[in-house]
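Have a look at the structure below, then the notes.
Throughout, residue positions are numbered sequentially from 1 according to the sequence presented.
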Amino acid sequence: MTMSAGWYLRRLSRMGPREAVGRVGDAVRRRRWRSARPDCPSVTGARFTAPLPAGTIAAVPPDAAKRLIAEADRLMYGHVEYFGVVRDDLVDPDWWCDPKTGRRAPWGYAFDVPYRDEDAIGDIKQIWELSRHQYLTQLAAAYAITGNERYAERVAEHLRLWWTANPPLRGVHWISGIELGIRLLSWVWIRRLLDGWPGAAGLFEGNPVALNQIWHHQRWLSAFPSRGSSANNHVIAEAAGQFAAACAFGWFPSSARWRADALRSLEWHLCGNTFASGLNRELATEYHGLVLELGLAAVAEADRAGVPVPASIRLVLLRMTDALAAIVDNRLRPPRQGDADDGHGLIVDGAGTDRWASLLATGDAVFGRLNWWPAVTGTNVRTPLLAALIRPTELSVTRPASRPAHFADAGLTILRGPEEIWCRCDGGPHGFLSIAAHAHADALSVEVRHDGVDVLADPGTYCYHGQPEWRQYFRSTLGHNTLQLDGGDQSVSGGPFLWTRHAHSRVLAVDTSDEGVVRWCAEHDGYQRSVHRRRVELTATSRELRIVDEVRGPRRALRLAFHLGPAITADLVGNRAVLTWTRGGEGRSAVLDLPGQLSWRAHRGESDPPLGWYSAGFGRKEPTTAVIGTGFADGAEGFTTVLRFHG
């Protein structure tokens, strides 16, 4: 996907003067760096002084270790899957090849590579993912647990190959700051986990090629931070990676300055990216997880190096952890809200490890769990490693005495009922910053689960670059459980990560105090000349969810969408859909009574245009049933939908 002149004008319109000036400076610097590439300063006597404390590995639960080793063995045999694409070439990988399309990114000066153009280079996410080197942190962790040197030797071989094939400022892996930041964090943990291996020092601090790479990564991050309207999770990954490297690899004349600058950036942007309630301002749940992982990893590095951390950083991470504990369902699944690209800050676990349970376990170890937190029974490798480094600290903050249900600043409300009924209601901001890069046009959407099974489902994300019709569908209004007028989205898209007009929502009423009936009401102004208002009521005794939609304004064509989860089978007759599914071998059912004023039709797996799809993870999609009602809104009456759960 190449960007048109119109896109650049729209993008420029979302910048403030300071950001525009900064980007001009970046452009000048890129031109100057094309011919001015200094060498890494000479380093003598470098030592690695940040290993794991004694006894840390012994605290790793045996079943978590077993999963990790199984994953490491698959990697050793060359097998890995990224974003739905299976690779069998990991013994000797091609760092520039996209296995999905077979295309290779061109060689040359990094900032000349057209990374957004899939016709030229392939899927950039597929190319970048391997070079985050998180599969190498898994192999290094397997060495730390087993002492088997074949894992360490493979790590060393691949790092040397990568460093040789990707010299500073050459090729596709020197374009994006988030990639450099996460890669630095991986290298820090690889060095730490390989500390008992005799070749570790020769691979890192005794290796001029490694020193040159580490230095140039940090020089790059200092020069090209994400700015202004792009200062979302990317800038936190950049700061966390640079800070970690400046702490653990503090061997250079600029290390102290890099460390101080990165810590200031991390504090500023962690606070700026997080609501006071603890939810991430991007309103994209997976980025909440990514930012929390990056923040915890940065604090771990600071505490290991004895670098004082502002209390505000720990407070943000504490609030983020409590917020996560509050919003998950009974299976510890958080909302599927906004963009999700399966990005992680630090990976040292094997397949089957629950990301969200892992974060809550780490939060328990670092901050202490509250009595309303859900129980976490799964195990993981990462928690004991981070907990061994992070220093327990008393924080002067009042934590929630009971489980929060409404997050006013984020406009997110969780309605809970009997039989593990969970409902998320969205009445919050469209997204974060002026471009709202990772937002979806999902104002007033609902997401409903029964015992962790998606019944009314958020569609997910599926893709970012290269497939504009699919990118548009998965973040469209029609792709969510909400109401569309005149065939348009509530917010206006100006590109795959750019919204030029944002719908404004406001929550009008929330009542979660009554255990028998919980209620929510909100409205938004995204449709010019019309206001969409929605009321949701969950009744415990009847196990009934009632949704009432009203449109105030002139008569307009209307479509009301309800997207069912992939496990749900639907039998639609007239305006009633009978829903069935299984959970744990037991049959479950519900009835969806739809507004009779509309004409209803079920859609499944349609491609022209896309409709009826669910993405469980980035790069993956599967058909599911979407029930769409069409008609007109004229303000005369509301549209009532009732979902009743049976035994």
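One N or O on the side chain of Asp458 and one on the backbone of Gly460 form a donor-acceptor pair closer than 3.5 Å. In this structure, the side chain of Thr137 engages the main chain of Gln134 through a donor-acceptor pair within 3.5 Å. Listed for the Asp98 side chain is a donor-acceptor partner under 3.5 Å among the backbone atoms of Thr101. The backbone N or O of Asn233 lies less than 3.5 Å from a partner atom in the side chain of Glu282, making a donor-acceptor pair. For the pair Thr56 (side chain) and Pro53 (backbone), a donor-acceptor distance under 3.5 Å is present. At distances below 3.5 Å, not a single donor-acceptor pair connects side-chain atoms of Arg319 with backbone N or O atoms of Ser277. A distance-only check finds a donor-acceptor pair linking the side chain of Arg369 to the backbone of Pro374 [under 3.5 Å]. Remark: side-chain polar atoms of Gln138 are paired, donor with acceptor, to backbone N or O of Asp349 under 3.5 angstrom. Between the side chain of Asp409 and the main chain of Ala276, a donor-acceptor pair closer than 3.5 Å is present. Of the possible donor and acceptor atoms, none in the side chain of Arg620 sits under 3.5 Å from a partner among the backbone N and O of Gly84.
Looking at Phe204, Trp163, Phe249, Phe48 one by one, the single match for ring pair (Phe, Tyr, Trp, His ring centres under 6.0 Å) with Trp187 turns out to be Trp163. Paired with Val381 under the rule side chain to side chain contact (heavy atoms under 4.5 Å, CB included), one option of Val60, Ile347, Thr353 passes, and it is Val60.
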Q: With side-chain contact (heavy atoms from CB on, under 4.5 Å) as the test, would you mind laying out the steps for Tyr143 and Leu193 before giving the verdict?
A: CA-CA 7 Å; Tyr143 164 76; Leu193 291 164; over 6 Å; no
Q.
Before you tell me yes or no, could you show the steps for His465 and Asp123 under side chain to side chain donor-acceptor pair (under 3.5 Å), namely the whole-Å CA-CA distance, both residues' side-chain angles and the distance that decides it to 0.1 Å?
A. CA-CA 7 Å; His465 300 284; Asp123 186 335; over 6 Å; no
Q.
For Glu586 and Arg583: C-alpha separation, side-chain torsions, deciding distance, then whether salt bridge (Lys or Arg N to Asp or Glu O under 4.0 Å) applies.
A. CA-CA 5 Å; Glu586 296 183 4; Arg583 179 60 153 166; over 6 Å; no
(Q) Is there a salt bridge (Lys or Arg N to Asp or Glu O under 4.0 Å) between Glu420 and Arg331? Walk through the geometry before answering. (A) CA-CA 9 Å; Glu420 314 303 348; Arg331 299 281 178 163; over 6 Å; no
Q: Take Asp354 and Arg333, measure what salt bridge (Lys or Arg N to Asp or Glu O under 4.0 Å) needs, and give me the verdict at the end.
A: CA-CA 9 Å; Asp354 187 311; Arg333 292 182 62 211; over 6 Å; no
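Ring geometry for Trp470 against Tyr462 counts as perpendicular: the plane angle is over 60°, on a 0 to 90° scale with 30° as the lower cut. Ring pair Trp95/His133 is perpendicular by interplanar angle, where above 60° counts as perpendicular and below 30° as parallel.
For Tyr135, the ring pair (Phe, Tyr, Trp, His ring centres under 6.0 Å) partners are His158, not counting sequence neighbours. For the side chain to side chain donor-acceptor pair (under 3.5 Å) test, residues two or more places apart in sequence or in another chain that qualify with Gln242 are Ser222. By the side-chain contact (heavy atoms from CB on, under 4.5 Å) test, Asn371 is found to be paired with no residue, residues two or more places apart in sequence or in another chain being considered. In this view, Thr461 satisfies the side chain to side chain donor-acceptor pair (under 3.5 Å) rule with no residue, not counting sequence neighbours. Looking at residues two or more places apart in sequence or on another chain, you find a salt bridge (charged side-chain N to carboxylate O under 4.0 Å, His left out) between Glu447 and Arg424, Arg449. With sequence neighbours excluded, the residues that form a side chain to side chain donor-acceptor pair (under 3.5 Å) with Trp162 are Ser131. In this view, Thr624 satisfies the side chain to side chain donor-acceptor pair (under 3.5 Å) rule with no residue, not counting sequence neighbours.
For an aromatic pair to be called close, the ring centres must be under 6.0 Å apart, and His217 with Trp174 satisfies this.
Sorted by first then second residue, the ring-ring contact (aromatic ring centres under 6.0 Å, His included) pairs that include residues 328-375, not counting sequence neighbours, number zero. Within the structure, salt bridge (Lys or Arg N to Asp or Glu O under 4.0 Å) contacts touching residues 172-201 (residues at least two apart or in different chains) are Arg132-Glu179, Arg191-Asp195, Arg191-Glu205, Arg192-Glu301. For residues 281-321, the set of pairs meeting the ring-ring contact (aromatic ring centres under 6.0 Å, His included) definition, not counting sequence neighbours, comprises Tyr287-His438. Counting only residues at least two apart or in different chains, salt bridge (Lys or Arg N to Asp or Glu O under 4.0 Å) contacts with residues 53-63 comprise Asp63-Arg67.
In this structure, Phe645 and Val455 have side chains that are in contact, with non-hydrogen atoms separated by less than 4.5 Å. Side-chain contact between Trp258 and Trp215: present, with at least one pair of heavy atoms (C-beta onward) separated by less than 4.5 Å. With contacts defined as side-chain heavy-atom distances shorter than 4.5 Å, the pair Asp364/Val376 does not qualify.
Nearest heavy-atom pair, Pro93 versus Leu130, reported as atom, atom and distance to 0.1 Å: CB-CD2, 3.6 Å. Thr285 and Pro334 make their closest contact through CG2-CB, 3.5 Å (heavy atoms, listed as atom of the first residue, atom of the second, distance). Listed here is the closest heavy atom pair of Asn273 and Ala231: ND2-O, 3.5 Å. Annotation for Met320 and Leu292: closest pair CE-N, 3.8 Å, computed over non-hydrogen atoms.
A distance of 4.5 Å separates CD1 in Ile124 from CD1 in Ile127, rounded to the nearest 0.5 Å. Rounded to the nearest 0.5 angstrom, Gln337 CD and Ser445 OG are separated by 7.0 Å. Atoms NE2 and CD1, on His234 and Ile236 in that order, are 11.0 Å from each other to the nearest 0.5 Å. Distance check: Tyr614 OH to Glu622 CD gives 7.0 Å after rounding to the nearest 0.5 Å. In this structure, CD in Gln218 is found 5.5 Å from CG in Leu184, a value given to the nearest 0.5 Å. One distance of note links CG of Leu296 with CG of Leu359; it measures 7.0 Å at 0.5 Å rounding.
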Please set out all donor-acceptor pairs under 3.5 angstrom arising from side-chain atoms of residues 307-314, sequence neighbours excluded.
residue : atom : partner : partner atom : Å
Ser312  : OG   : Glu267  : OE2          : 2.6
Arg314  : NH1  : Asp303  : OD2          : 3.2
Arg314  : NH2  : Asp303  : OD1          : 2.7
Arg314  : NH2  : Asp303  : OD2          : 3.3

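Comment: Glu157 engages Arg154 in a salt bridge, judged by a side-chain N to carboxylate O separation of less than 4.0 angstrom.
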